[in-house]
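Below you'll find the structure, written out as structure tokens, and then a few comments.
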Amino acid sequence: METLEQIRGRLLARFPAAKVEMVLNPGVAAEHSLLLEAASGREIALFLRDDPALQLDYCSNATGVDWPAKETVETVKTTVPDPAGGPPKVTEEKIKRVTPGCLEAVYHLYSMALKHGPVVIRLRTANRSDQVMLPSLTPVWRSCDFQEREIYDLFGIVFEGHPDLRRLLMWDEFKDHPMRKDYVDPDDYEWEPTAHAQVLERAKAHFPAAPAAPKPEAPQS
Amino acid sequence: MSNPVPTSAPASGPAPQITDAEREELRRHGVLITYFEELYNWGRSNSIWPLQFGLACCAIEMIAAATARFDIARFGAEIFRPSPRQADLMIVSGTVTKKMAPQVVRLWNQMPEPKYCIAMGACAISGGPFKQGYNVLKGVDRFIPVDIYIPGCPPRPEALLNGLVELQKKIKAERLTGPGAAEFTQADQPSEFPIPEFGAHDLVPPKNDSVWTPPSPPRKA
Amino acid sequence: MIGEGSAPAPFGFAPGPSVRAVNDPFHGDLLEVSMGPQHPSTHGVFRMVATLDGETIVKLKPVFGYLHRNHEKIAENTTYLGSMPYTDRLDYLCSMTSNWAYALAVEKLAGQPVPDRAQYVRIIMAELTRIVNHACLVGFLFNDLGTSFTPLLYAFREREKIIDLFESLSGSRMMCNYQRFGGCRVDPSPEWLAAASKLVDNFPRFLDEYEQMLTGNEIMLARTQGIGRLSLTQAINGGITGPVLRASGGGYDVRKVDSYGFYPRFDFRVPIGAHGDTYDRYMMRILEMRESVKILQQAFRDIPSGSIMDPKAKLRGFRPKAGEAYGRTESPKGELGFYLISDGGPNPYRYRVRPPSLINLTLLEDMCLGHTVADSVVILGSIDIVLGEVDR
């Protein structure tokens, strides 16, 4: 099978208006992926499925990933030489950078005809709040049907072109998207003799006067 | 409810006119003299018909208890009824999720009195390994009264049979009349419980307060 | 709503007699029946909302989520090793293969090698699990056909023998929690291997007895041949894997394609069906059981001595480098895959199970349209689902 760079080159040649980037996987497995954009996602998917050299006719896995906004603080040191000839002045500047969050759909594609794979493609939404539309790849690979419904249910990505986008695992009246990193589950505190982690936090919230509370203090894990 | 184990003399009524030796003598001639309560309880406890209600992994051990090696048929309980109207035991085997909880309560309501419930497995008792779940009901006893708890993940089929034997003992100890009479004989005890609804974030109500109260921390005297 | 391209229309592509239901006062109303979640033959808490015209199914929508235990969310708050017992509870009939799929994905993520003996032991456990699963599946399928428990009792007799072996090795009948990253937890003793080998040598006799009762049975043939046909193009596009795909003619077995573990050293064939109906799916399981016996006999013959666990494997403080990996295996139900994203910490950033049972249900409606309700129960039984895996 061709390498990912070659596939990317062919995609850019075939769809010059599309943006296709390589996302390198730093881990040992070295499973790099292609980042596609929402506008050209479906036509690129059709090309990947029907191209005779690739024939990626089997979409094995469709996953959602939540990348919340990340705030990084970068310290920039500038060295200003002292005009009087003394030691240079070093000033430190702290720049706060906020990488905006997004929701991502990752698809693992294999070929049953040519027995090769995987080719991993990713689609990212613009942000996590209101612009959460992505093209549905269900018309291309029917196996994405339930998986995209699950991504909608648990992450909140709305897939355009999906024939039946409803919640899959949670009940229809449920309002949240539970797999997001900022989901808070309903406060269902029950006293436990050896509370730790989340239960201990809830316990402290329910019994605020910690020294006076009769419950035994459990060590935090 | 506390039911005292019946001794050879009943708690209420006149002293018996017949001794145990005479009863035994008559029995050898094929004449059985007993109390209606004892006969009724003997019949009921040795022919408990469970409801075919497997939820998750514990259901496989329940089916294994019904197979030839462990043989629940020896205890009279091999007829698993598909319909709740014909069953008198509900073995809640497996995790009860919040999506499934209204159906569990509905099935319980449809079972006719006298009915019993066994919570089999850690998930049915308290949520089990999945306790920190947004969709997991932390114990089926939040909505319906449970008679026997069988711990384990999953409990062995022998543990289920042990639980069944305990239930048989409990049934045999039930009184039908008098101050300690069983709940199903009393008209003011509810046999149907309100069915929770699906709310936006959780079940509404999250628990039935008349059936279950959360455990409270031990108070230092 | 259907995109352009050469794909067949996702809905309404029903093989067999075309179904036109007319819902008016002259012809009568369509009946909407909800089968499940408590139903004798839905294999767990699974619900099908079927719209019927008389007895014929006009529309069928599956409803899931009744066993959604948010395994993936729990895994984000648990260490990698801490999620291993939860993988037992995914496909609760086949805990050994679920463990292996997860261990494979983590070993791929971390670049962890596995010693030879452990590879052989893993294959032995996986093929024993395959036998257990297929025997029980055939039993449950015949339960759905109406034989009321007898074949299942025979299947469970064999299952009890095999899970006794699992219990003596790993401590638990069903939830074995046996694989680790870099090997297995317990080294099987020579006595265990001898007992397992003897069981495997006696197994073809049980299969012959089973087949004598079931395979040529004319009621079974009448009720399963031609029912629930699935064409190959539909199956590939629908992401169907495992014996269901192979019954439709697809020659895709992850053991042969990915060559994971030491499977390339074993001589075994992969049965392929011709018609894609329920009878073919049943025969796939029987034939695969026979092939598994062959693999097991070779494994018992060739297993080397050595350590069961890589000595450099990190058990405590296991933090794989940041990155992602997708590891997949051929579980008895289909392709079971785990997609893991690591951010360098002790817990995975994203942990995803690719459930074969859920994806094999994508085409349930297509397979059931035009058949009766009784047939839909048999078709569902032949797909082989386990709700722990569907809902996770």
Side-chain angles (χ1 to χ4, degrees), chain A residues 24-31 33 42-43 45-46 49-50 57-67 106 108 110 112-113 115-118 120 135-147 149-150 153-154 161-164 166-171 178-179 181 183 185 197-198, chain C residues 1-8 10-11 61-66 68 70 72-73 76-77 105 108-112 233-234 236-241 245 250-252 256-258 320-328 335 337 339 341-342 349-350 352 354 358-359 361-363 366 390-392:
Chain A
L24 288 176
N25 178 5
V28 176
E31 271 184 8
S33 42
R42 190 167 316 148
E43 41 178 13
L46 277 167
R49 191 192 68 188
D50 298 329
D57 50 6
Y58 166 48
C59 175
S60 167
N61 177 30
T63 317
V65 191
D66 183 22
W67 301 104
V106 183
H108 285 80
Y110 286 81
M112 284 206 183
K115 304 240 181 345
H116 62 222
V120 187
S136 163
L137 298 187
T138 304
V140 183
W141 295 287
R142 178 79 187 280
S143 62
C144 301
D145 189 351
F146 288 161
Q147 299 187 77
R149 272 178 67 184
E150 186 190 328
D153 184 5
L154 300 180
H162 192 280
D164 182 17
R166 298 176 281 147
R167 281 185 180 269
L168 187 81
L169 295 172
M170 302 302 292
W171 57 87
M179 279 294 284
K181 297 284 179 185
Y183 171 70
D185 39 338
Q198 300 146 320
Chain C
M1 286 277 216
I2 299 168
E4 66 276 18
S6 55
F11 293 93
K61 292 275 169 250
V63 181
F64 310 104
Y66 291 100
H68 179 54
N70 42 254
E72 302 183 352
K73 186 92 185 181
E76 286 178 9
N77 296 325
K108 203 166 164 186
L109 180 71
Q112 168 76 48
T233 38
Q234 262 185 316
I236 295 179
N237 193 258
I240 311 287
T241 50
L245 169 72
Y252 198 78
K256 294 277 196 196
V257 171
D258 273 3
K321 269 177 57 181
E324 60 179 53
Y326 179 61
R328 58 184 196 158
E335 173 186 317
Y339 175 59
I341 301 184
S342 156
Y349 183 82
R350 174 80 173 103
R352 149 90 180 166
R354 186 257 185 217
L358 175 69
I359 298 175
L361 283 174
T362 310
L363 295 176
D366 296 52
V390 169
D391 289 337
R392 281 149 290 136

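The figures that follow rest on heavy atoms only: side chains count, while hydrogens, waters and symmetry mates do not. Proteins get letters first, then strands, A, B, ... in listed order; numbering begins at 1 in each.
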Counting heavy-atom pairs under 4.5 Å with chain A, which one of [options] comes out on top?
| options | result |
| --- | --- |
| C:Lys321, C:Lys73, C:Arg392, C:Lys108 | C:Lys73 |
| C:Glu72, C:Glu76, C:Arg328 | C:Arg328 |
| C:Ile359, C:Ile236, C:Asp258 | C:Ile236 |
| C:Gly238, C:Gly111, C:Ala110, C:Gly337 | C:Gly238 |

For this session: Please identify each residue that fulfils salt bridge (Lys or Arg N to Asp or Glu O under 4.0 Å) with A:Lys115, with sequence neighbours left out.
Result: none

Exercise. Residues two or more places apart in sequence or in another chain: which of them pass salt bridge (Lys or Arg N to Asp or Glu O under 4.0 Å) with A:Asp57?
Worked result: none

Has [X] got a side-chain atom pairing as donor or acceptor with [Y]'s backbone, closer than 3.5 angstrom?
| X | Y | value |
| --- | --- | --- |
| A:Glu31 | C:Tyr326 | yes |
| A:Asn25 | C:Glu324 | yes |
| C:Arg354 | A:Thr63 | no |

Problem set entry | Top contributor to chain C interface from A:Cys144, A:Ser33, A:Gly64, A:Pro178 [non-hydrogen pairs under 4.5 Å] | A:Gly64

Exercise. Do the side-chain N and O atoms of A:Tyr58 and C:Glu335 include a donor-acceptor pair separated by under 3.5 angstrom?
Worked result: yes

At a heavy-atom separation under 4.5 Å, does [X] approach chain A through its side chain, its backbone, both, or neither?
| X | answer |
| --- | --- |
| C:Leu109 | backbone |
| C:Leu361 | both |
| C:Thr241 | side chain |

Go through the atoms of [X] and report whether side chain, backbone, both or neither lie under 4.5 Å from a heavy atom of chain C.
| X | answer |
| --- | --- |
| A:Leu154 | side chain |
| A:Met170 | side chain |
| A:Arg166 | side chain |
| A:Ala62 | backbone |
| A:Pro135 | neither |

Quick one: closest heavy-atom pair of [X] and [Y], and the distance?
| X | Y | answer |
| --- | --- | --- |
| C:Thr362 | A:Asp145 | CG2-CB, 3.9 Å |
| A:Met112 | C:Ile240 | CE-O, 3.8 Å |
| A:Val106 | C:Tyr339 | CG1-OH, 3.7 Å |
| A:Pro26 | C:Ala322 | CG-O, 3.5 Å |
| A:Asp66 | C:Tyr349 | O-OH, 2.6 Å |

Calculate, to the nearest 0.5 Å, the distance between atoms [atom1] and [atom2] belonging to [X] and [Y] respectively.
| X | Y | atom1 | atom2 | value |
| --- | --- | --- | --- | --- |
| C:His68 | A:Glu150 | NE2 | CD | 7.0 Å |
| A:Thr138 | C:Asn237 | OG1 | CG | 10.0 Å |
| C:Leu358 | A:Leu169 | CG | CG | 7.5 Å |

For this session: Begin from the C-alpha positions of C:Tyr252 and A:Tyr110 and carry the test ring pair (Phe, Tyr, Trp, His ring centres under 6.0 Å) through to its verdict.
Result: CA-CA 11 Å; C:Tyr252 198 78; A:Tyr110 286 81; 7.3 Å; no

